[in-house]
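The structure appears below as structure tokens.
We use all heavy atoms of the structure for the numbers below, so side chains are in, but hydrogens, waters and symmetry mates are not. Counting begins at 1 with the first residue of the sequence. Indexing begins at 1, ligand by ligand and atom by atom, following the structure's order.
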Amino acid sequence: MSATQTQNHSRCCIVGGGPAGMMLGLLLARAGVPVSVLEKHGDFLRDFRGDTVHPSTLAILDEIGLRDRFDKLPQRRVDHLAGIVAGREQQIVDFRGLKPYDYLALVPQWDFLDMLADAGRRLSTFDLRMQHAATGLIEEGGRVVGVRVKSPQADYELRADLVVACDGRHSTLRDAAGLKAREYGAPMDVLWFRMPRSESDPQDTFGIVDRGHMMVMLNRDDYWQIAFLVPKGSDAALRARSIDALRETVVQLAPFLADRRGAIESWDKVSTLSVQVDRLERWHKPGLLLIGDAAHAMSPIGGVGINLAIQDAVAAANALAQPLRDGRAIDESVLAAIQRRREWPVKVVQRIQIAIQKRLISRVLETSGEAPRVPALLRFLFRFRAIRHRPARLFGYGLRQEHVHTPASRSLDAGICLHGASH
Ligand SMILES: Cc1cc2nc3c(=O)[nH]c(=O)nc-3n(C[C@H](O)[C@H](O)[C@H](O)COP(=O)(O)OP(=O)(O)OC[C@H]3O[C@@H](n4cnc5c(N)ncnc54)[C@H](O)[C@@H]3O)c2cc1C
């Protein structure tokens, strides 16, 4: 354990080193606020966690001077998305021509998080503690004053002027704080697996809908990352059957994979995302703020989870950096203002996701024998790029785009001052 890791007080303790926690930690540390980020895992290498970095996040990376480093990460740029509905291709989303970024980047999340961690480690104010899990809150006089921590070296208490829970959809701190989330339900779960890609395969990233099945194929150059939708709760029954059933359905939907069907070797190669859509009624209590998935788990529709988590982090940093740096106590009204700012865009996107789940996904998964059809009016409208720009702008940039207003501190000791972008 390093010298900083033995400290048992932090100005701001951030629990969770996902997109929300790492971005918030970096922005605050860069503004000169001493932060401790606790991450329960030893690295960021997890199975597929979502890779879509949208234009709103590209803009943030630009504003803090990390765009060049980000562009060097292994990635694939996607500038439009198509659907193949009952064998008929339909363009749905088109980023081309949108300004200032006309694509989304598919980047392994661990590379993205490693990049943020690396930038943070160059700042003396950034204290990242890997394999340190928060197990509970310390509350005194009705206020959260720290967290209990379990690490390989010791169990200890970390006191902090503010705790920010960024510990994801199964948030320990949300439960510890007794905050209740409203569940909105989802008709589907998602099976994730990989299949090799061959040069003659389609180049696009696209969705396929046919006869009771839906699947999204993300082109990752040498492999396809496949999201296969199944009715909610059907995972156990599916896994009790032979893997051949899944292989056959995948090949029916994407016949070009026929020569590789054996690549899904067994159910062990398939992981399940239990889709959950929920939102906390209150994202805070005195001394505690929750953001990202801990405050609102998103449906995978639109691949917005990472990007909304980052937008929350930017909004939180903008509101918190100055008072934390000045050593002022953070009043709960500041935390309530962060919720007010972020709740509306989250709510609108969740409503759209829920409508798509009900009107499209439920219907497809329930009507196994029928070939689905895109209504003629929609087919006509989607011919126009201006129409296809609408979902691209909504999911790509979000509804209330955040910009970095936190300063880059002049007192950084590593000789590296990430750009001081203020808008
Ligand atoms: C299979 C899958 C595919 C997805 N695909 C996409 C996609 O393509 N695009 C997209 O935008 N979103 C996607 N998502 C959603 C996206 O990953 C999340 O919305 C996003 O990561 C939320 O960021 P976060 O920082 O709030 O939480 P998380 O990314 O969940 O990060 C939480 C972090 O907290 C850590 N942690 C948890 N508990 C503790 C604790 N007690 N103490 C210390 N650390 C703790 C966890 O290890 C984790 O690193 C996907 C999610 C899954 C599961």
Item to complete: Specify the closest pair of heavy atoms between G97 and D102, including all atoms of both residues, with the distance to one decimal.
Response: N-CB, 3.9 Å

Worksheet item: Taking heavy atoms and a distance under 4.0 Å, where does D167 meet ligand 1: side chain, backbone, both or neither?
Response: both

Worksheet entry | Residue R143 excluded, over 12 heavy atoms near CZ under 6.0 Å | yes

Discussion item. Using heavy atoms and a 4.0 Å limit, tell me yes or no: is A134 in contact with ligand 1?
Written reply: yes

Response to the item:
Short version for W192: what comes under 4.0 Å of ligand 1, heavy atoms counted, is side chain

Practice prompt. Kindly determine whether D312 and W283 satisfy side chain to side chain donor-acceptor pair (under 3.5 Å), including the steps that lead there.
Written response: CA-CA 11 Å; D312 285 2; W283 299 18; over 6 Å; no

Fill in: Note, V277 side chain near Q357 side chain (heavy atom, < 4.5 Å)
yes

Worksheet entry | Heavy-atom neighbours of R88 CZ exceed 12 at 6.0 Å | no

Worksheet item: Which is closest to atom 19 (O) of ligand 1 by heavy-atom distance: L308, D293, L218, D43?
Response: D293

Discussion item. When you measure from the heavy atoms of E39 to every atom of ligand 1, does any distance fall below 4.0 Å?
Written reply: yes

Discussion item. A quick test of your reading: do over 12 heavy atoms of other residues, nucleotides or ligands sit less than 6.0 Å from NZ of K150?
Written reply: no

Worksheet item: Which of the numbered atoms in ligand 1 are below 4.0 angstrom from a heavy atom of V304?
Response: 11 (O)

Practice prompt. Enter the distance from R220:CZ to R194:CZ here, rounded to the nearest 0.5 Å.
Written response: 8.0 Å

Worksheet item: Atoms of ligand 1 less than 4.0 Å from A20 heavy atoms?
Response: 25 (O), 26 (O)

Worksheet item: Which atoms of ligand 1 have any heavy atom of H41 under 4.0 Å away?
Response: 47 (O)

Worksheet item: With atoms numbered from 1 as shown, which atoms in ligand 1 lie under 4.0 angstrom from a non-hydrogen atom of G16?
Response: 33 (C), 34 (O), 35 (C), 44 (N)

Worksheet, complete the sentence: One should read off an interatomic distance between Y103 OH and R76 CZ, to the nearest 0.5 angstrom, of 13.5 Å

Worksheet item: Mind checking whether H132 has a heavy atom under 4.0 Å from ligand 1?
Response: yes

Worksheet item: Relative to atom 33 (C) of ligand 1, which among S274, G21, G18 owns the nearest non-hydrogen atom?
Response: G18

Practice prompt. Measure the shortest side-chain to side-chain distance between M298 and V346 over non-hydrogen atoms and say whether it is less than 4.5 angstrom.
Written response: yes

Discussion item. Heavy-atom contact check, 4.0 Å cutoff: does Q109 meet ligand 1?
Written reply: yes

Worksheet, complete the sentence: Near C166 (heavy-atom distance under 4.0 Å), the atoms of ligand 1 are 32 (C), 33 (C), 34 (O)

Worksheet, complete the sentence: So for I306 against ligand 1, with non-hydrogen atoms under 4.0 Å, the contacting part is both

Worksheet item: If you count the atoms of ligand 1 from 1 in the order shown, which ones are under 4.0 Å from a heavy atom of N307?
Response: 11 (O)

